[in-house]
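These numbers were taken from a predicted model, which means no experiment stands behind them. Ligands are counted one by one from 1 in listed order, and the atoms in each one are counted from 1 as well.
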Amino acid sequence: MKTIALYAPSFWNVQRFELPPQTLAVVIDVLRATSTMVAALSNGVQWISPVANIEKAFSIRNLSPSVKLAGEKGGGRIEGFDFGNSPQEFLGTPFLNFELAMFTTNGTKAFLATMSAQEVIAASFLNLEVVIEKVSQWNGPVAYFCAGTGADFSLEDAIVAGAIIDRVDPDHPLASLYRFSKNDLPQAFRNSKNGANLVKIGLESDIDLCLQRNRFPVLPYFDFTQGLIDLSAKSNKKEKR
Ligand code: MLT
């Protein structure tokens with residue numbers, strides 16, 4: 001299996017147009033965009049439209065007033081948005097048929113950089129095993145889009161990539177990183193730049209939720225042509241390249 005590690009925004013911004021044919025893109029923003037997406041979609045949300053900026057989210061709602069807005073800036077909720085970027089907000093009451101436009105600092109942009117992938121899925125610890133199953137069955141390259149924090153590499157996304165790769169390409173350095181870190185993930189996550197920010201702004205409990213394994217065994221797919229993430233398996237391209 002060919003593993004393509006896109007460690008940070010500088011990698012996925014360069015490689016966005018240049019993935020090899022038949023590549024599966026695995027987007028990872030474990031703190032917290034992909035964890036929140038997995039929680040939301042498994043709790044009734046029908047689709048999520050990842051957007052590149054806050055204005056785009058508001059313009060989607062202006063066109064379709066029933067669409068709710070979710071996301072963060074600096075980790076906190078954005079004024080005028082209905083939800084933040086916390087998976088905890090999507091527990092409990094089912095959000096049946098909710099439609100979300102979502103903006104986050106890095107995570108939603110990482111989805112928008114997957115245009116040359118054959119299929120695109122969202123990964124987190126909350127849905128780890130279904131992601132591993134999908135990756136194990138894929139007959140082509142797999143590119144890991146680690147969302148990162150700002151412009152930087154983020155340890156926590158690399159650890160989740162490593163947890164997947166450990167099962168399919170165990171000699172890869174990210175698999176070693178995962179094996180090295182796995183005995184104290186709560187501390188590793190808290191020590192990461194994004195984790196430390198969540199602690200600082202009072203959202204530390206999100207870290208523990210995002211570390212739960214397989215709580216929501218769903219596989220979100222992103223359809224680049226429609227611009228939507230939902231739970232219906234489909235190819236990013238209508239025809240194989
Ligand atoms: C991001 O997209 O950078 C993250 O999801 C940020 C966060 O949730 O704090």
Side-chain angles (χ1 to χ4, degrees), residues 6-13 16 25-43 45 48-57 60 68-91 100-114 120-128 131 144-161 185-186 188-212 215-216 220 222 227 229:
L6 305 177
Y7 295 96
S10 54
F11 286 74
W12 40 261
N13 276 325
R16 57 203 299 163
V26 179
V27 179
I28 304 165
D29 186 359
V30 63
L31 293 179
R32 300 161 289 168
T34 51
S35 299
T36 300
M37 290 170 181
V38 165
L41 290 166
S42 79
N43 210 12
V45 168
I48 299 168
S49 173
V51 298
N53 53 58
I54 293 171
E55 295 69 37
K56 177 73 180 166
I60 291 176
K68 307 277 184 215
L69 307 188
E72 58 71 39
K73 194 171 173 204
R77 186 184 291 214
I78 298 163
E79 204 181 325
F81 273 37
D82 305 284
F83 299 95
N85 184 30
S86 168
Q88 305 199 61
E89 292 180 74
F90 293 97
L91 306 179
L100 296 184
M102 187 166 180
F103 167 79
T104 70
T105 312
N106 282 31
T108 52
K109 291 173 195 151
F111 281 94
L112 299 175
T114 60
V120 183
I121 59 172
S124 66
F125 275 131
L126 294 171
N127 67 339
L128 186 67
V131 170
Y144 296 84
F145 281 64
C146 295
T149 301
D152 297 335
F153 167 84
S154 69
L155 179 65
E156 70 277 15
D157 294 335
I159 286 174
V160 174
L185 292 179
F189 272 41
R190 279 166 174 75
N191 286 345
S192 73
K193 187 172 171 187
N194 201 4
N197 183 51
L198 292 173
V199 172
K200 189 169 137 205
I201 64 177
L203 295 173
E204 185 170 0
S205 54
D206 273 1
I207 298 175
D208 298 311
L209 177 53
C210 293
L211 278 164
Q212 290 180 18
R215 175 160 175 182
F216 302 116
F222 177 49
I229 301 166

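- The pair E89-R77 counts as a salt bridge, with a side-chain nitrogen and a carboxylate oxygen less than 4.0 angstrom apart.
- The nearest protein atom to atom 1 (C) of ligand 1, hydrogens excluded, is given as D29 OD2, 3.1 Å; this is a heavy-atom distance.
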Would you please test F145 and V120 for side chain to side chain contact (heavy atoms under 4.5 Å, CB included) and show each step? CA-CA 10 Å; F145 281 64; V120 183; over 6 Å; no
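- Short contacts between ligand 1 and G75, defined as distances under 4.0 Å to a heavy atom of the residue, involve ligand atoms 9 (O).
- A tilted orientation is assigned to the rings of F153 and Y7, their planes being inclined by 30° to 60°.
- Scanning the protein for heavy atoms near atom 6 (C) of ligand 1, the closest one is E72 OE2, 3.3 Å.
- Below 3.5 Å of separation, one finds no N or O of G148 facing any N or O of ligand 1.
- Ligand 1 places these atoms under 4.0 Å from at least one heavy atom of G107: 1 (C), 2 (O).
- Taking each heavy atom of G80 and L69 in turn, the nearest pair found is O-CD1, 4.4 Å.
- In this structure, K109 and P9 have side chains that are not in contact, with every pair of non-hydrogen atoms separated by 4.5 Å or more.
- Contact annotation: for R32 versus ligand 1, heavy atoms closer than 4.0 Å belong to both the backbone and the side chain.
- Contact between F103 and A52 at its shortest, heavy atoms only, is CE1-O, 3.3 Å.
- Closest to atom 3 (O) of ligand 1 among all protein heavy atoms lies N106 N, 3.1 Å.
- The proximity of N194 to ligand 1, defined as any non-hydrogen pair under 4.0 Å, is limited to the side chain.
- By the 3.5 Å distance cut-off applied to N or O atoms, L198 is not counted among the residues near ligand 1.
- Atom 8 (O) of ligand 1 has N85 ND2, 2.7 Å as its closest protein atom, hydrogens excluded (heavy atom only).
- Contact annotation: the side chain of S192 approaches that of L31 to within less than 4.5 Å [non-hydrogen atoms, C-beta and beyond].
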